[in-house]
Novice: 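Input: one structure, supplied below.
Here the structure is a predicted model, which means the values were calculated and not measured. Read the numbers this way: they start at 1 and go in the same order the structure lists the ligands and their atoms.
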Amino acid sequence: MDFELNDTQKLIQATARELARKVVRPLARDMEASEAVDTAMLRALAEAGLVGVAVQGDLGGADAGAVAYALAIEEVAKACASTAVTLAVTNMVCEVVARFGSPAQRERVCPRLCSGEWRAASFALSEPEAGSDPGSMRTTATRTPAGWVLRGAKQWVTNGAIADVFVVWARTDSSATNVHAKSTKGLSCFLIERAEVNPSEFAVGRHEDKMGLRASSTTALELNECHIPPEAVLGAVGDGFRIAMTALDGGRIGIAAQALGVGERALELGVRYARERSQFGRPIAEFQALQRMIADSRTELDAARLLTLRAAWGKQTQKGVTQESSMAKLFASEAAWRVCNRMLQIHGGYGYTREFDVERLWRDVRVAQIYEGTSEIQRWVIARSF
Ligand SMILES: Cc1cc2nc3c(=O)[nH]c(=O)nc-3n(C[C@H](O)[C@H](O)[C@H](O)COP(=O)(O)OP(=O)(O)OC[C@H]3O[C@@H](n4cnc5c(N)ncnc54)[C@H](O)[C@@H]3O)c2cc1C
């Protein structure tokens, strides 16, 4: 077994680490306070090759594979979890288009995302009444002589306020009686450029007031008789559910890496604080109770890294990804949450204030157990994969 990274992976990791430390981290507090992602910073990340990390070079990607992608997201998440999810969703959409798009879609969308010309992309699957169960989706797409008309509402759209391009799922089976039936059949996928649609038909709705990831845009999306051309279909009509699940297999690796990065940063801050803070005449790092927290955290994060890199390797070598990415996301998100909780405890009362970053990490990491499939859904996927 070879645990060494290759030169390309090391280069992507080093590039992401350097940018995260020098460019992203100094902005993280201000972005959280202003609840806005810095779009110039996003462009710098794209220009450094961190969008389309696993997308082929002829489409503008870095062609570095899923392992390099996971390493990049981890590094960015150490600096800012909001930026990491912004980047992760844009990468996921870029990969979906590269894999399932027509040549025209691929050539239009991927280079623009990879170069940073387009700021971000969105993945609009969830709805107010359809979260864990996308088969209960109510948004419809109706074929017309001129193309398609979308009607419905999307919820929890990451990058909703800043994305230039959206992948939107809708029900295309013609039987109206099926609309409320729970069915994963008859879902289709559409590629929509914000600049190409009428803003009253494709309206970004409420901005969610979240406990964490406050610099990541999360919005609703209203599809009010939204007219799109026939060539907006992504992949085959009726193949939407398979496309979504394939995308989420890769997306979950990104979320595992994001959680890992947040957990690593929390551990770094917790260890530093434990060495600096003294009580009872000695550094609190000398107390066995805290050493146990640190040892458990180091061990769990290493286990999370192994699972995450195994899933990424399985994806890039096509040796198995569904169960592996669910295991990685499940374990990494729950482990990182435990680590952030312990490191906040190590900070004592100061950990409960905004003065110390561990409080932000604690809030930011919680959602990794929820989005791209909750922990309960990951356990279901894992159990069904036998
Ligand atoms: C910040 C944020 C960003 C997001 N970004 C996106 C995005 O970009 N695109 C997108 O499409 N979606 C996005 N989501 C949506 C996210 O994927 C959903 O919130 C998630 O899938 C859960 O759906 P739900 O919130 O409707 O919860 P529900 O599905 O209503 O689940 C409620 C509870 O029931 C449990 N549950 C449901 N079904 C089962 C079952 N079969 N077995 C056991 N337990 C079950 C769940 O685990 C959960 O605990 C985002 C969410 C958040 C919070």
Novice: Under 4.0 Å, heavy atoms only, figure out whether ligand 1 is touched by the backbone of Thr374, its side chain, both or neither.
Specialist: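 It is the side chain that gets close, since no backbone atom is under 4.0 Å.
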Novice: Heavy-atom distance from atom 28 (P) of ligand 1 to the protein below 4.0 Å?
Specialist: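 Yes, there is a protein heavy atom closer to it than 4.0 Å.
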Novice: Starting from atom 53 (C) of ligand 1, find the nearest protein heavy-atom neighbour and note its residue, name and distance.
Specialist: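 Sorting protein heavy atoms by distance from atom 53 (C) of ligand 1 puts Val367 CG2, 3.7 Å first.
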Novice: Return the closest protein heavy atom for atom 44 (N) of ligand 1 as residue, atom name and distance.
Specialist: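 Ranking protein heavy atoms by distance from atom 44 (N) of ligand 1, first comes Glu376 CB, 3.5 Å.
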Novice: Looking at Leu125, which atoms of ligand 1 are within less than 4.0 Å of one of its heavy atoms?
Specialist: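 It comes down to these atoms of ligand 1: 11 (O).
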Novice: Indicate whether the side chain of Asp249 and that of Thr322 have a donor and an acceptor atom separated by less than 3.5 Å.
Specialist: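 Yes, because at least one side-chain N or O of Asp249 sits under 3.5 Å from a partner of the opposite role on Thr322.
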Novice: Closest non-hydrogen protein atom to atom 26 (O) of ligand 1, residue and atom name please, with distance?
Specialist: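 Minimum-distance protein heavy atom for atom 26 (O) of ligand 1 reads Gly131 CA, 3.2 Å.
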Novice: Look only at the side chain of Arg17 and the backbone of Glu75, and say whether a donor-acceptor pair between them is shorter than 3.5 Å.
Specialist: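 Flag not set: sc Arg17 to bb Glu75 has no pair under 3.5 Å.
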Novice: Does a side chain donor of either Glu334 or Ser375 reach within less than 3.5 Å of an acceptor in the other side chain?
Specialist: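 A pair is found: one side chain offers a donor N or O, the other an acceptor, under 3.5 Å apart.
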Novice: Starting from atom 9 (N) of ligand 1, find the nearest protein heavy-atom neighbour and note its residue, name and distance.
Specialist: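 Nearest protein contact, heavy atoms only, for atom 9 (N) of ligand 1 is Phe123 O, 2.7 Å.
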Novice: Any nitrogen or oxygen of Ser132 lying under 3.5 Å from a nitrogen or oxygen in ligand 1? Just yes or no.
Specialist: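 So ligand 1 has an N or O lying under 3.5 Å from an N or O of Ser132.
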Novice: For ligand 1, which atoms have a heavy atom of Lys210 less than 4.0 angstrom away?
Specialist: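 Selected atoms, number and element: 1 (C).
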Novice: Closer than 4.0 Å and a protein heavy atom, does any atom meet both conditions relative to atom 6 (C) of ligand 1?
Specialist: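 Yes, there is one.
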Novice: Taking non-hydrogen atoms only, is Glu372 closer than 4.0 angstrom to ligand 1 via side chain, backbone, both or neither?
Specialist: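 Just the backbone.
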Novice: Using a distance-only test with no angle check, is there a side-chain donor-acceptor pair under 3.5 angstrom linking Ser325 and Lys315?
Specialist: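 Side chains of Ser325 and Lys315: no pair found under 3.5 Å.
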Novice: My understanding is that only one of Val167, Val237, Thr172 makes a side-chain contact (heavy atoms from CB on, under 4.5 Å) with Phe190; could you say which?
Specialist: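 Single pass found, and it is Thr172.
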Novice: I'd like to know if Met92 and Ile253 are part of one continuous hydrophobic network [Ile/Leu/Val/Met/Phe/Trp/Tyr, side-chain heavy atoms within less than 4.5 Å].
Specialist: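 Unlinked, Ile253 and Met92 end up in two clusters.
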Novice: List the closest protein heavy-atom neighbour of atom 40 (C) of ligand 1: residue, atom name, distance to the nearest 0.1 Å.
Specialist: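 For atom 40 (C) of ligand 1, the nearest protein heavy atom comes out as Ile377 CD1, 3.9 Å.
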Novice: Given the protein's heavy atoms, is any one of them under 4.0 Å from atom 35 (C) of ligand 1?
Specialist: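 It does not: no protein heavy atom is found less than 4.0 Å away from atom 35 (C) of ligand 1.
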Novice: Do the side chain of Asp364 and the main chain of Ser82 share a donor and acceptor less than 3.5 angstrom apart?
Specialist: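 A pair under 3.5 Å: no.
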Novice: From the options Trp169, Tyr371, Trp380, Trp156, select the one whose nearest heavy atom is closest to atom 25 (O) of ligand 1.
Specialist: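 Shortest heavy-atom distance from atom 25 (O) of ligand 1: Trp156.
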Novice: Take atom NZ in Lys10; do more than 12 heavy atoms of anything else shown fall under 6.0 Å from it?
Specialist: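 Correct, the count exceeds 12.
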Novice: We want to know whether Ser297 and Arg342 form a side-chain donor-acceptor pair, criterion being a heavy-atom distance below 3.5 angstrom.
Specialist: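 Yes, side-chain donor-acceptor contact under 3.5 Å.
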Novice: Looking only at N/O atoms, are Ser126 and ligand 1 under 3.5 Å apart anywhere?
Specialist: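 Between Ser126 and ligand 1, an N or O pair is found under 3.5 Å apart.
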Novice: Is it true that a side-chain atom of Trp148 and a backbone atom of Val233 form a donor plus acceptor pair closer than 3.5 Å?
Specialist: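 Answer holds: no.
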Novice: Say whether Ile370 and ligand 1 are in contact under the criterion: heavy-atom distance to a ligand atom below 4.0 Å.
Specialist: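 Right, Ile370 reaches ligand 1.
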